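All remarks here apply to the structure that follows.
Here the structure is a predicted model, which means the values were calculated and not measured.
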Amino acid sequence: MNFDLQAGNSPLASRQNPIIYAVLIVGLIVISAFFILWLITKKIKEHQQTPEWIQHESERPTKKADIIAFADKNLMKPEAANLLWKIFRKYKIRNILYSIKQFQDIDGFFHMYYDEIKNNGNENEINQLFHLKFSMEKIFAASESVSSTHALVKNQRISEIFPDGSKIPFKVFENKKEHLIIEITEEFYLSETKPQQMDKVAFTFHSATGMRYAFVSRLIRYEKTSSGNCIMLVSHSNDMIVKQQRNFKRVSTNEKCRIASVKVEKDRRGRQIYTPAENRYECTLINLSGGGCCIATTLPVKEGQLIYTELTLSFGSLGVFGKIIKTRRSKIQGVFNLHVCFDKISVPDQNKIIEKVYGYD
């Protein structure tokens with residue numbers, strides 16, 4: 001198809017064609033519109049970077065649109081986003097896009113909401129609240145990532161990881177530009193099985209926000225300071241590995257617990273019935289979460305076995321069944337660490353454990 005815009009055979013006649021002027025005018029209008037839009041967008045962005053605008057946005061109550069944006073960014077499930085909006089709307093909590101950066105400021109509102117729904121006895125909503133709270137803690141922890149061992153501070157806890165999966169806790173003695181200095185025990189310093197100079201050594205630590213990291217570094221040498229501290233010098237690392245987060249908050253403990261073996265039977269419908277043995281063995285609870293625990297015992301219980309654990313909570317004892325997913329020989333002579341994943345645990349019982357973990361009991 002051929003569009004002949006000429007009004008005649010001469011250039012003068014062509015310039016007098018009104019269609020050409022119309023096209024030029026429309027083009028100028030479109031260009032002007034884009035320019036004005038760009039100018040407005042630029043002004044809006046500049047305004048949103050002013051201290052006054054940032055302060056206003058950070059202090060205003062959270063809107064539903066803020067929750068939607070926050071949930072989309074962090075891939076939250078709809079039911080979690082709905083509960084989050086319910087809490088923020090109820091207590092008129094300030095803009096979540098800013099308040100999440102100071103999670104301790106909003107953490108108390110979760111406790112307030114828990115106290116309210118606890119009186120109603122809605123165990124499923126309590127359980128959902130705990131899952132949401134832990135998700136928020138992980139989002140907060142991930143908001144300030146650590147990219148190098150240069151960020152570690154004096155007295156920060158750090159653990160060395162050995163090939164068998166066991167760990168020994170140490171702490172940062174000093175962080176220098178050239179290397180990281182870690183304080184170790186004299187027992188480890190004198191050990192013949194400790195890593196040697198120039199060996200690659202793995203470590204793990206938690207950042208100030210609670211995020212767990214791991215890294216591999218080169219051992220430079222061992223020393224003793226003038227004050228008698230045993231230390232090891234390791235090279236810095238810029239390759240931080242973020243360790244996978246569990247589904248529940250885990251807390252370290254040093255409490256007594258009791259364990260027993262489990263007898264498995266089937267009822268008429270073929271469903272498994274767990275029955276704990278009468279004999280109970282006293283052990284030490286190393287850590288606890290809503291999904292499992294770690295127990296120190298002198299019994300060399302094998303992986304894959306079912307175990308009954310009797311925990312002490314504020315209201316009394318609670319018995320839970322679980323499977324030993326990992327057994328590790330402790331650095332303490334004759335002691336084994338049993339890593340247990342709870343099995344067949346009810347929502348109310350799980351809530352009781354999480355209440356203890358968060359100090360809500």
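Between Glu303 and Lys326 there is no salt bridge, since no side-chain N of the basic residue sits under 4.0 Å from a carboxylate O of the acidic one. Salt bridge present: Glu116 and Lys90 bring a charged side-chain N and a carboxylate O closer than 4.0 Å. Salt-bridge formation is not detected for the pair Asp199/Lys194: no Lys NZ or Arg NE/NH1/NH2 atom is positioned less than 4.0 Å from an Asp or Glu carboxylate oxygen. Ion pairing between Glu255 and Lys356 holds under the 4.0 Å rule for side-chain N and carboxylate O. Lys263 and Glu265 are joined by a salt bridge, as a carboxylate oxygen and a charged side-chain nitrogen come within less than 4.0 angstrom of each other.
Listed by chain and number, the hydrophobic cluster partners of Val262 are Val264, Tyr274, Leu306, Tyr308, Phe321, where partners are ILVMFWY side chains within reach of under 4.5 Å, directly or through others.
Applying the salt bridge (charged side-chain N to carboxylate O under 4.0 Å, His left out) criterion to Glu278, with sequence neighbours excluded, gives no partner residue. In this structure, the side-chain contact (heavy atoms from CB on, under 4.5 Å) partners of Arg221, at least two apart in sequence or on a different chain, are Gln197, Glu223, Leu233.
A ring-centre distance under 6.0 Å is not found for His179 and His236.
Other residues, nucleotides and ligands contribute over 12 non-hydrogen atoms within 6.0 Å of the CD atom of Gln305.
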CA sep, side-chain torsions, deciding dist, call: Ser227, Asn229, side-chain hydrogen bond (donor to acceptor under 3.5 Å, both in side chains)
CA-CA 6 Å; Ser227 56; Asn229 299 92; 2.6 Å; yes
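Asn95 and Glu59 are not linked by any side-chain donor-acceptor pair at a separation below 3.5 angstrom, with hydrogens and angles left out of the test. The closest side-chain donor-acceptor pair between Ser217 and Ser235 falls under 3.5 angstrom.
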